[in-house]
Amino acid sequence: MVATAATASFLPVPLPDAGKGKPKKLGGGGGGGGGSVNLGGLKQKQGLCGGLQVKANAQAPPKTVEKVENDLSSSSSSISHAPRTFINQLPDWSMLLAAITTVFLAAEKQWMMLDWKPRRPDMLIDPFGIGKIVQDGLVFRQNFPIRSYEIGADKTASIETLMNHLQETALNHVKTAGLLGDGFGSTPEMCKKNLIWVVTKMQVVVDKYPTWGDVVQVDTWVSASGKNGMCRDWLVRDAKSGEILTRASSVWVMMNKVTRRLSKIPEEVRAEISSYFVDSAPVVPEDNRKLTKLDDSANFIRTGLSPRWNDLDVNQHVNNVKYVGWILENALPKEFCFGQLQSAPQPLLESHELCAMTLEYRRECGRNSVLDSLSDLSGADVGNLADGGFFECKHLLRLDDGAEIVRGRTQWRPKPLSSNFGHVLSQVPVPAEST
């Protein structure tokens with residue numbers, strides 16, 4: 001464009017001749033002779049190309065020579081001798097630029113109005129960018145990278161990390177489906193009736209723990225559980241290989257957040273959520289073994305546990321994942337002596353990992369509650385823990401007045417040798433002190 005403008009400033013500009021219909025050059029005689037036009041005080045200057053004449057006003061519309069003479073003669077007294085610059089010799093590109101701008105604006109408007117909804121009916125893109133709904137809109141899927149602050153000493157994700165991923169996908173499922181009201185996972189109709197979801201039972205089976213840097217893919221869906229309950233399932237896979245890492249099933253019921261009493265599912269709420277129910281069996285078969293109540297004869301008792309402010313969720317009670325931490329804190333003391341192991345204490349948390357867990361939630365725990373954590377060891381291989389046996393633990397969280405919060409059962413297996421961080425550390429030579 002610059003080259004075109006520069007060329008135009010030195011080439012003659014043809015003007016139509018009203019009298020003879022022949023083009024004439026600015027600077028030619030009125031009758032086509034060799035005389036020069038009176039430019040009203042502006043003198044002709046020799047251009048770089050010899051006899052070529054410089055255009056006086058590139059922005060003026062074409063006129064006949066006679067018209068130019070009259071106009072310039074009548075305004076000769078008012079025209080000043082403006083210095084010749086490159087800018088005032090450029091042609092008028094404003095109309096072209098305006099047309100180009102209009103075209104681009106129209107194209108941008110059409111681009112923004114395009115329908116970006118997915119064309120596949122089995123996949124809906126999450127508008128919040130946190131996951132997607134697949135399989136005819138019934139399953140929610142979200143990926144999580146395992147970060148450095150989510151792993152333990154053996155570089156694998158903790159059970160609390162996995163539980164947090166389960167909870168996050170459940171809430172994002174409700175949000176993405178357009179059912180999230182003002183509450184914590186509550187639908188609009190639930191909010192109108194002051195209802196919230198509370199978990200009554202959770203079963204988790206861990207086949208393999210992801211490690212730092214892995215990306216896990218979590219699928220979750222819901223189904224009916226009796227007349228007034230809802231079952232939510234999760235399937236956790238390695239996002240790269242597709243290997244199943246964790247399976248979990250849970251049962252939820254409604255509670256009135258004002259009276260703190262359990263409630264039936266109102267018909268208005270059932271109409272909101274029933275279309276999202278999947279007709280499928282739980283991914284973890286229900287463990288119907290009764291969870292026995294522990295008393296003060298339990299192997300391990302820890303008292304005086306108090307919730308912190310950060311342990312509460314928006315429903316003003318302790319988040320269910322926090323209970324897992326309290327249970328495991330008291331499950332396996334690092335220096336555990338039991339039966340035949342009294343002479344050789346075994347650090348069980350370093351040599352074993354949790355592989356399954358069943359929790360029954362009996363009541364909620366508030367900010368000012370004080371709890372006791374009780375754990376009891378059981379299992380056929382309890383006498384062979386030093387040799388890497390399997391075992392179970394029974395658990396109870398209770399208020400200091402004896403009211404039960406959570407009953408639980410955990411199963412433990414020996415850690416893989418590559419994950420046995422304590423064993424690895426024991427093999428690392430310690431440098432001697434320099435003298």
Side-chain angles (χ1 to χ4, degrees), residues 117-118 120-146 157 160-192 195-205 210 215-226 228-239 242 244-255 257 265-266 268-284 313-315 319-321 359 361:
K117 293 181 180 179
R120 291 175 53 188
D122 63 334
M123 181 179 294
L124 299 178
I125 299 300
D126 170 27
F128 298 91
I130 50 181
K132 57 187 176 183
I133 296 180
V134 298
Q135 297 184 16
D136 298 325
L138 298 176
V139 177
F140 179 78
R141 175 173 296 168
Q142 184 173 355
N143 288 359
F144 295 92
I146 304 301
E160 290 96 330
T161 293
L162 298 180
M163 296 284 287
N164 282 326
H165 290 168
L166 304 185
Q167 179 174 269
E168 182 70 7
T169 51
L171 293 174
N172 289 337
H173 184 191
V174 178
K175 179 190 295 185
T176 306
L179 293 177
L180 186 65
D182 296 332
F184 197 49
S186 300
T187 67
E189 287 295 332
M190 291 175 62
C191 294
K192 293 178 183 178
L195 297 174
I196 59 176
W197 288 109
V198 292
V199 60
T200 60
K201 188 172 184 178
M202 175 79 72
Q203 292 183 245
V204 181
V205 175
V215 177
V216 296
Q217 174 186 287
V218 185
D219 287 359
T220 184
W221 60 93
V222 292
S223 57
S225 177
N228 292 294
M230 179 183 72
C231 179
R232 178 172 286 278
D233 291 270
W234 294 269
L235 199 59
V236 183
R237 296 184 179 93
D238 185 291
I244 295 178
L245 305 177
T246 303
R247 295 164 288 139
S249 296
S250 60
V251 177
W252 300 73
V253 295
M254 290 188 180
M255 183 180 76
K257 66 180 182 181
I265 300 180
E268 296 84 354
V269 177
R270 193 181 302 277
E272 284 182 316
I273 63 177
S274 59
S275 61
Y276 295 91
F277 285 173
V278 177
D279 186 12
S280 64
V283 294
V284 179
D313 59 26
V314 297
N315 290 324
N319 188 278
N320 66 84
V321 178
L359 301 175
Y361 297 87

Please identify each residue that fulfils salt bridge (Lys or Arg N to Asp or Glu O under 4.0 Å) with Arg247, with sequence neighbours left out. Asp207
Out of curiosity, Trp234 CH2 to His173 NE2, how far, rounded to the nearest 0.5 Å? 11.5 Å
Quick one: closest heavy-atom pair of Pro282 and Cys231, and the distance? CG-SG, 4.5 Å
Regarding Ser250 and Trp252, do their side chains bring together a donor and an acceptor under 3.5 Å, going by distance alone? yes
The side-chain contact (heavy atoms from CB on, under 4.5 Å) partners of Tyr276 (sequence neighbours excluded) come to Ala177, Leu179, Val222
Interatomic spacing from CE in Met254 to OG1 in Thr187 - rounded to 0.5 Å: 6.0 Å
Passes side chain to side chain contact (heavy atoms under 4.5 Å, CB included), Met163 versus Met202? Steps please. CA-CA 10 Å; Met163 296 284 287; Met202 175 79 72; 4.2 Å; yes
Check whether Ser249 reaches the backbone of Val284 with its side chain - one donor and one acceptor, N or O, closer than 3.5 Å. yes
Pair Leu235, Trp221 - check side chain to side chain contact (heavy atoms under 4.5 Å, CB included), show working. CA-CA 9 Å; Leu235 199 59; Trp221 60 93; 4.3 Å; yes
Pairwise distance OG1(Thr169) to CZ(Phe140) - rounded to 0.5 angstrom: 7.0 Å
Quick one: list whatever passes salt bridge (Lys or Arg N to Asp or Glu O under 4.0 Å) with Asp219, sequence neighbours left out. Arg141, Arg237
State the NZ-CD1 distance between Lys257 and Ile196, to the nearest 0.5 angstrom. 7.5 Å
I'd like to know if the side chain of Thr200 and the backbone of Tyr361 have a donor-acceptor N/O pair within less than 3.5 Å. no
Across all chains, not counting sequence neighbours, the side-chain hydrogen bond (donor to acceptor under 3.5 Å, both in side chains) partners of Trp197 are none
Give the minimum heavy-atom separation between Leu180 and Pro188, together with the two atoms involved. C-CD, 4.5 Å
Report the distance from atom CG of Asp313 to atom CG of Leu171, rounding to the nearest 0.5 Å. 9.5 Å
Atom CD of Gln142 and atom NE2 of His165: how far apart are they, to the nearest 0.5 Å? 8.5 Å
Can you name the residues that form a salt bridge (Lys or Arg N to Asp or Glu O under 4.0 Å) with Glu272, not counting sequence neighbours? none
Output yes when a side-chain donor or acceptor of Ser186 lies under 3.5 Å from a complementary backbone atom of Leu195, and no otherwise. yes
For the residue pair Thr246 and Val204, establish whether any side-chain heavy-atom pair is separated by less than 4.5 Å. yes
Output, in order, the C-alpha distance, side-chain angles, deciding distance and verdict of side chain to side chain contact (heavy atoms under 4.5 Å, CB included) for Met190 and Ile265. CA-CA 9 Å; Met190 291 175 62; Ile265 300 180; over 6 Å; no
Mind checking what makes side-chain contact (heavy atoms from CB on, under 4.5 Å) contact with Leu138, not counting sequence neighbours? Val278
